[in-house]
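See below for the structure under consideration.
We name chains A, B, ... by the order of the sequence lines, and we start the count at 1 in each one.
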Amino acid sequence: MGKVTRKALVGLIFLLVIIVIWALVQRSGPSSVSTGLSQTEVLIYLATRDGTSLVPVKRTISPEQASPQGLIEELLKGPRPDEPWVLPLPAGTRMHSVAVVDGVAYVDFSAEMIEFHPGGTTGELLTVYAVVNTLAQLPEVEQVQIFVGGRELETLMGHLDLRTPLEPDFSLVLEEH
Amino acid sequence: MRTGRAALVLAVILLFFILGGLASATQVYFNGRALSSDVAPVVVDGHVLLPVRSLASAIGLSLSWEPGAGRIEIQRQDKQIVMHIDSREAQLNGETRPLRAAPRLKDDRILVPLTFLAEALELTIRWDVETAALHLSDTTIVVSEVVLTEEEGRTRLDVLTNAPVAYDTILLADPHRIVVDVHGAKLGLSPGEQPAQAGVARCLRVGQFGPDIVRVVVELNAPVGYEAFAREDEPGVALLLNHAVDSLSWRDTDVGGELFIAVPPHAPYEIWRLVEPDRVVIDVFHASLNAKDRIILLEGELIKQVRASQFLPNVVRVVLDVNGPVEAKASRQEEGVCIQLGPPMPPAVDDLEVAEGEPAKEPVALVKEPDPDFPSLPGVKEAAEKTGKGLLIILDPGHGGLDPGALGPSGSKEKDVVLDISLRLRDLLVAVGCEVHMTRDEDRYVEFPERVRLAKEGKGDIFLSIHANAFRFQEACGTETFYHPDKQSSRLLAEALQASLMEELGRTDRGVKTRRDLYVLRESSIPTALVEVAFINHPDEERLLLNPEFRQRCARALFQGLSRYFQQRAGRSLGPVPEIVEDAGDTVATTSEG
Ligand SMILES: [Zn+2]
């Protein structure tokens, strides 16, 4: 009788230990188990609220997502609620497509990119380089050209020359934050 | 409670007076939107009165006025107010109410007491002492629904709200679309895009544009004009779009020929005739000309040519230049209107109405007439010293025409503000003998290559692009100046301009920045800078930019910056800022230290 009870107790403790370990693993989230191959760290470029700079912000995504498309999707999600940064792209902007040819990423956005854009040199610069800098972290992307509604642009809001692809600009980036 | 509030209002008004008689310069806002200066409140015997006639269209009330009886009737939604000049009694929906101040007639303006008007119409009053502004507002405006329908074949857009609203509309190109901004409003439906199959409309997008503007975008198959108006029965805005006249085609027939005008069914039309020389005229109403080829040269026996033009904003006129009296008959077909011409008829027999008249006017733009709504520019006294002689300055006011640039929260447009600053700067420069070339001196769209044409050829001493800035969030404010890093003299220019702007305007210094990617900086081969004087989407800076005195200060600052640059570069300054003489009313003489 006592032997059976002890056996049951040991089994119960073993089970409890397993449950606790499982719970701990669950709580610690994916970053602690990402030491292997399953996760990768990328940067998206958001902006400060006063529009003075771009800010590189870390995101952890799956390696398959670390593509031009995945990066823009991650950028369009914008800041997390606890982050002080803002998305310098107009509300409601969607990405239609992105393709990389000979080191140039051609990315096409929906009409909101222009129609809901507040304008201004500052507004235009931060919008454009949030996209360019985010894409240019990929080794296959050296330059980026922005399209809207499938059309090539002379400019987005009347200041920047967008007729040719742009290289990333780190002079707009806030270094320490 | 009420007396207390009135006393406070009075105290504020008195304060305005003490501070320099600003009451007449008070800017009135309705639902967050700045109204024109002719609705500014008037203080009579310590009571604040509003000129109700100018206010009527701005806040959506109907007014009837019987001068004989001195009777004023105001109607807004379910509220009806009856007042009489010099009577301290009013009727609100039939009930008698006492007035603290009687309505008055002054300089042909009907003045009614502000507090009673606001109380009766359930408007909130807020005075902003710092900016001498009066804010009137309805309860929070919510855009609850946006619908596209067809009304007698015309596409109709309805933006439904819970209270009357102030709105702006713009027709834009590439792709063709109409933008409707509802001011002081929040979006009460989910933002996004919906396909629309209503006549000329292709799809519809709705979103919150800035904290207080709801933006509705209708994408079009063709650039058509429209009429915008407050909705008839319920609050909101409605737009009725024109039919598009897509093409004109001609084919010869046995008796003469046939002209086919491609236009949707329902478009009303009229055919008539002009003589000396003989012409057959077809007017298509509620229509916008979208045809690429507007002239068909025929040089035939019966007819010389067909030409089409946008005769009035909503009327397309097609004229057939015929060689003499000829039979002409119009009939509606499924996809347009067909005009059968021929055979020639003997003179003096007319089965069409004969009218004497002017030939069709030149084509007019589809776009509504711009109304920048700025007061006339101040005059400039002749400067004694022509210190700027021999200098050519190219001024480039940003945007214009179809491109409004950045928008302020109350609906102001960058293109209007920067044009006004540039014209003021031009006057100052001309007064000291500079030659000034403006890339635009009116509200029109100028392509980039045209803007930089002279500067690219190396003509001119300075190229100065003038803009107002914006960012998605209203924390952004201040002044900044851009130049191309490869050009040393441009750096000198940018630094001089920024320094003067900081001294004169005192806004946040965002600094002097180098850019290789700004179009005008890249293309110009003379010393070039682009200034962003202030953020038009920042509420305080918008209010400043809407103030003519601030815009004059911007022009003075830029003048001083240019003067500083020439001093450093060539050892010659432009001298003191020329004296300004306001042409109307209050004379503000401003002399500068240089
Ligand atoms: Zn601009």
Side-chain angles (χ1 to χ4, degrees), chain A residues 46-53 78-79 84-94 110-130 132 143-144 146 148-169 171-172, chain B residues 172 174-175 177 179 191-193 203 205-210 215 217 219 398-400 403-407 413-415 445 447-449 465 467-478 480 482 485 508 510-511 513-523 530-532 535-538:
Chain A
L46 299 174
T48 55
R49 290 192 72 87
D50 62 358
T52 49
S53 318
W85 321 118
V86 294
L87 176 64
L89 270 66
T93 302
R94 289 159 291 123
S110 64
E112 280 90 347
M113 185 75 158
I114 288 178
E115 283 165 6
F116 285 75
H117 200 289
T121 302
T122 296
E124 187 175 358
L125 280 172
L126 295 179
T127 300
V128 167
Y129 285 99
V132 175
Q143 294 180 314
V144 178
I146 291 175
V148 172
R151 288 153 171 265
E152 208 175 311
L153 303 174
E154 187 175 44
T155 181
L156 188 66
M157 297 314 293
H159 314 96
L160 269 170
D161 182 352
L162 297 184
R163 294 171 299 172
T164 49
L166 296 171
E167 282 171 10
D169 182 343
S171 72
L172 291 166
Chain B
L172 296 173
D174 263 348
R177 61 206 194 275
V179 173
E193 181 173 298
C203 70
R205 283 182 285 275
V206 197
Q208 186 80 42
F209 181 78
R215 174 165 280 194
V217 182
E219 202 172 305
H399 316 280
D403 171 13
L407 300 184
K413 299 183 182 78
E414 178 187 355
K415 65 170 183 178
Y445 181 73
E447 303 268 357
F448 270 140
S465 212
H467 287 255
N469 216 342
F471 185 51
R472 223 189 119 183
F473 298 85
Q474 292 187 341
E475 280 90 335
C477 60
E480 58 194 304
F482 298 94
T508 308
R510 296 174 71 94
K513 297 171 177 173
T514 62
R515 300 275 355 148
R516 293 178 182 277
D517 47 12
L518 296 179
Y519 195 105
V520 295
L521 305 188
R522 180 182 266 186
E523 297 285 314
L530 185 151
V531 295
E532 293 280 358
F535 275 72
I536 196 169
N537 80 319
H538 186 280

Look up atom CG in L125(A) and atom CZ in F482(B), then write down how far apart they are to the nearest 0.5 Å.
-> 5.5 Å

Does R510(B) reach the side chain of T122(A), with side-chain heavy atoms less than 4.5 Å apart?
-> yes

Contact part of V217(B) toward chain A, heavy-atom cut-off under 4.5 Å: side chain, backbone, both or neither?
-> side chain

Scored by heavy-atom pairs under 4.5 Å with chain B, the best of P88(A), G92(A), A91(A) is A91(A)

In terms of heavy-atom proximity below 4.5 Å to chain B, should T164(A) be classed as side chain, backbone, both, or neither?
-> side chain

Part of V206(B) lying under 4.5 Å from any heavy atom of chain A = backbone

Selection from M157(A), H117(A), E154(A) maximising heavy-atom pairs under 4.5 Å formed with chain B = E154(A)

For L87(A), does its backbone N or O pair with a side-chain atom of R472(B) as donor and acceptor, under 3.5 Å?
-> yes

Which atom names give the shortest non-hydrogen contact between R215(B) and E115(A), and what distance separates them?
-> NH1-O, 2.5 Å

In terms of heavy-atom pairs under 4.5 Å, which option from E480(B), Q208(B), R522(B) contacts chain A the most?
-> R522(B)

Rounded distance [0.5 Å steps], CG in D169(A) versus CG in D517(B) = 7.0 Å

Quick one: does R516(B)'s side chain get under 4.5 Å of E167(A)'s, heavy atoms only?
-> no

Carboxylate-amine/guanidinium contact R515(B) E124(A), below 4.0 Å = no

Heavy-atom nearest pair, G120(A) first then A406(B), reads N-CB, 4.1 Å

Whatever's closer than 4.5 Å to a heavy atom in chain B on T127(A) counts as neither

Find out whether Q474(B) and P118(A) are in side-chain contact, i.e. whether some heavy atom of one side chain is under 4.5 Å from a heavy atom of the other.
-> no

Distance (rounded to the nearest 0.5 Å) between Y519(B) OH and R163(A) CZ | 3.5 Å

Chain A contact via I536(B) - side chain, backbone, both or neither, heavy atoms under 4.5 Å | neither

Candidates V86(A), D50(A), T121(A) - the one meeting side chain to side chain contact (heavy atoms under 4.5 Å, CB included) with F471(B) = V86(A)

Under 4.5 Å from any heavy atom of chain B - which part of L153(A) = neither

Got L518(B) and L160(A) here, is their nearest side-chain heavy-atom distance under 4.5 Å?
-> yes

